[in-house]
Number of protein chains: 2
Amino acid sequence: MNINSQFVVATHIMALLAGHKLYMPEYTYVNSEMIAESVNTNPVVIRRILSKLRDADLVVSKSGPNGGSEIARQPSKIKLSEIYEAVDDKGTLFHMHYGQPNRFCLIGGHIQESLKETLENAEESVKKVLSKKSLLQIANDILERAGIDTVQPSEEISKKLRLMKQDYENSKLELQT
Amino acid sequence: MNINSQFVVATHIMALLAGHKLYMPEYTYVNSEMIAESVNTNPVVIRRILSKLRDADLVVSKSGPNGGSEIARQPSKIKLSEIYEAVDDKGTLFHMHYGQPNRFCLIGGHIQESLKETLENAEESVKKVLSKKSLLQIANDILERAGIDTVQPSEEISKKLRLMKQDYENSKLELQT
DNA sequence: CTTATTTGTAATTATAATTGTTACAGATTT
DNA sequence: AAATCTGTAACAATTATAATTACAAATAAG
């Protein structure tokens with residue numbers, strides 16, 4: 001996973017937590033193992049990303065039985081750019097790391113500084129695009145794609161989601177036997 | 001080198017060829033070994049990037065003695081976005097490649113499609129920023145940073161550059177002995 | 001037309017970055 | 001006290017990328 005897939009995984013996590021917050025209020029804390037199964041990876045990988053999301057005040061975690069993580073704010077108030085910035089710890093989408101160019105070379109001696117500003121502008125524009133999309137928009141879009149009409153009363157959505165969750169857990173049990 | 005450093009290296013190459021085209025017209029073909037020394041890497045690495053630049057009609061290459069590559073168009077007519085697109089063969093700055101998310105999961109099943117559009121918008125905005133900068137602007141900026149006043153007649157610049165080239169080659173000879 | 005030079009690319013090795021895994025202390029609930 | 005879960009370190013495995021070696025094909029110059 002590079003920065004990009006990390007962003008996608010982080011958004012996956014956030015969307016999952018958003019779903020719980022919005023439609024399963026009795027179960028807002030989701031543990032890393034559940035998330036890992038959803039993403040199809042290892043719980044520690046998830047916890048590492050959660051750690052970054054926590055630093056960015058996007059989630060809150062709790063240890064102990066029935067612990068896990070929950071979303072820290074309303075999904076409508078969370079912009080994708082915040083998720084992006086949370087996982088982008090290097091600070092540069094365009095990370096320049098080719099070994100020192102020849103110092104005698106006219107071009108090599110200055111190209112990095114010369115490109116720096118342009119690349120920073122590029123990254124800014126990426127963040128701007130991402131800031132125009134909220135987590136709620138993504139969550140609703142996902143539900144729609146899953147065939148769930150988000151215009152209907154949320155209680156009905158909750159029921160459907162609980163049913164799907166049940167289905168999933170049953171199928172897991174079948175796999176084990 | 002990732003896509004980003006490849007872009008930086010490709011721009012380095014282009015700026016070098018631009019310099020030769022603009023100020024050393026008697027020597028527009030530069031071979032991969034020279035370029036490699038300037039970038040401080042292996043000639044084959046350079047030839048691979050040149051190959052992409054060639055596919056994008058940004059350079060022309062010639063084999064045999066005194067061969068090498070030259071810039072295919074006026075630096076003022078080349079936008080950085082063209083260089084970016086030339087090396088970005090995967091087509092996506094935000095390449096999603098985390099293993100299949102759990103198909104039973106509501107989120108995992110749809111998040112990739114859901115994010116796709118936003119990520120494509122982000123990449124478009126990057127290209128737009130890069131399209132606003134020409135290779136000539138970069139080349140001039142580099143020369144200025146190197147202390148060469150690009151407002152003076154180009155013949156004087158040519159002299160200075162030839163002198164610097166000489167210096168560089170002398171220093172190489174010294175290193176060998 | 002032979003020799004030297006340079007490209008173009010395949011094949012391989014080396015290196016670096018990332019992910020996955022194991023392990024365990026610390027926190028929290030029951 | 002026992003069980004569950006987080007947080008993180010340490011290490012192994014995997015993957016991606018770059019570097020290197022090698023050599024056929026093209027071209028230029030004598």
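Predicted model, so just to flag it, every value in this text is computed and none were measured. Protein chains get the first letters and strands the later ones, always in sequence-line order, with residue 1 at the start of each.
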>> Any donor-acceptor pair, under 3.5 Å, between the side chain of B:Arg48 and the base of C:dA10, if you only look at N and O atoms?
In response: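 In this structure, the two groups form no donor-acceptor pair.
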Spacing of [X] atom [atom1] relative to [N] atom [atom2], expressed in whole Å:
X	N	atom1	atom2	answer
B:Lys62	D:dA26	NZ	C1'	12 Å
B:Arg47	C:dT6	CZ	P	11 Å
B:Glu37	C:dT6	CD	P	12 Å
A:Ile35	D:dC5	CD1	P	12 Å
A:Lys52	D:dT8	NZ	C1'	14 Å
A:Glu33	C:dG20	CD	P	15 Å
A:Asn40	C:dT21	CG	C1'	15 Å
A:Ile46	D:dT8	CD1	P	16 Å

> Mind checking whether B:Glu82 and B:Met14 have side chains closer than 4.5 Å, heavy atoms only?
Replying inline: no
> Mind checking whether B:Glu144 and A:His110 have side chains closer than 4.5 Å, heavy atoms only?
Replying inline: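 Of all side-chain heavy-atom pairs linking A:His110 with B:Glu144, none is under 4.5 Å.
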>> Which is more 5' along DNA chain C, the nucleotide nearest A:Pro43 or the one nearest A:Asn66? Just name the residue.
In response: A:Pro43
>> What contact category does B:Ser32 fall into here, base, sugar-phosphate, or nothing, at under 4.0 angstrom with non-hydrogen atoms?
In response: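 Counting heavy atoms under 4.0 Å across all strands, the contact made by B:Ser32 is with sugar-phosphate only.
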>> Does A:Gly64 reach a base, just sugar-phosphate, or nothing at all? Heavy atoms under 4.0 Å.
In response: base
> Would one find more than 12 heavy atoms of other residues, nucleotides or ligands at under 6.0 Å from atom CD of A:Glu117?
Replying inline: no
Taking only the side-chain nitrogens and oxygens of [X], find out if one of them lies under 4.0 Å from OP1 or OP2 of [N].
X	N	value
A:Thr41	C:dG20	yes
B:Arg54	C:dG8	yes
A:Ser51	D:dT8	yes

Proximity to the side chain of [X] - top-ranked nucleotide from [options]:
X	options	value
A:Val45	C:dT5, C:dG20, D:dT6	C:dG20
A:Asn42	C:dT22, C:dA11, C:dT6	C:dT22
A:Asn31	D:dT8, D:dT6, D:dA3	D:dT6

> Is a side-chain N or O of B:Ser134 found less than 3.5 angstrom from the main chain of B:Gln137, in a donor-acceptor match?
Replying inline: yes
> Does the A:Ser158 side chain pair with the main chain of A:Met24, one donor and one acceptor, at a distance under 3.5 Å?
Replying inline: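 Looks like no, no N/O pair under 3.5 Å.
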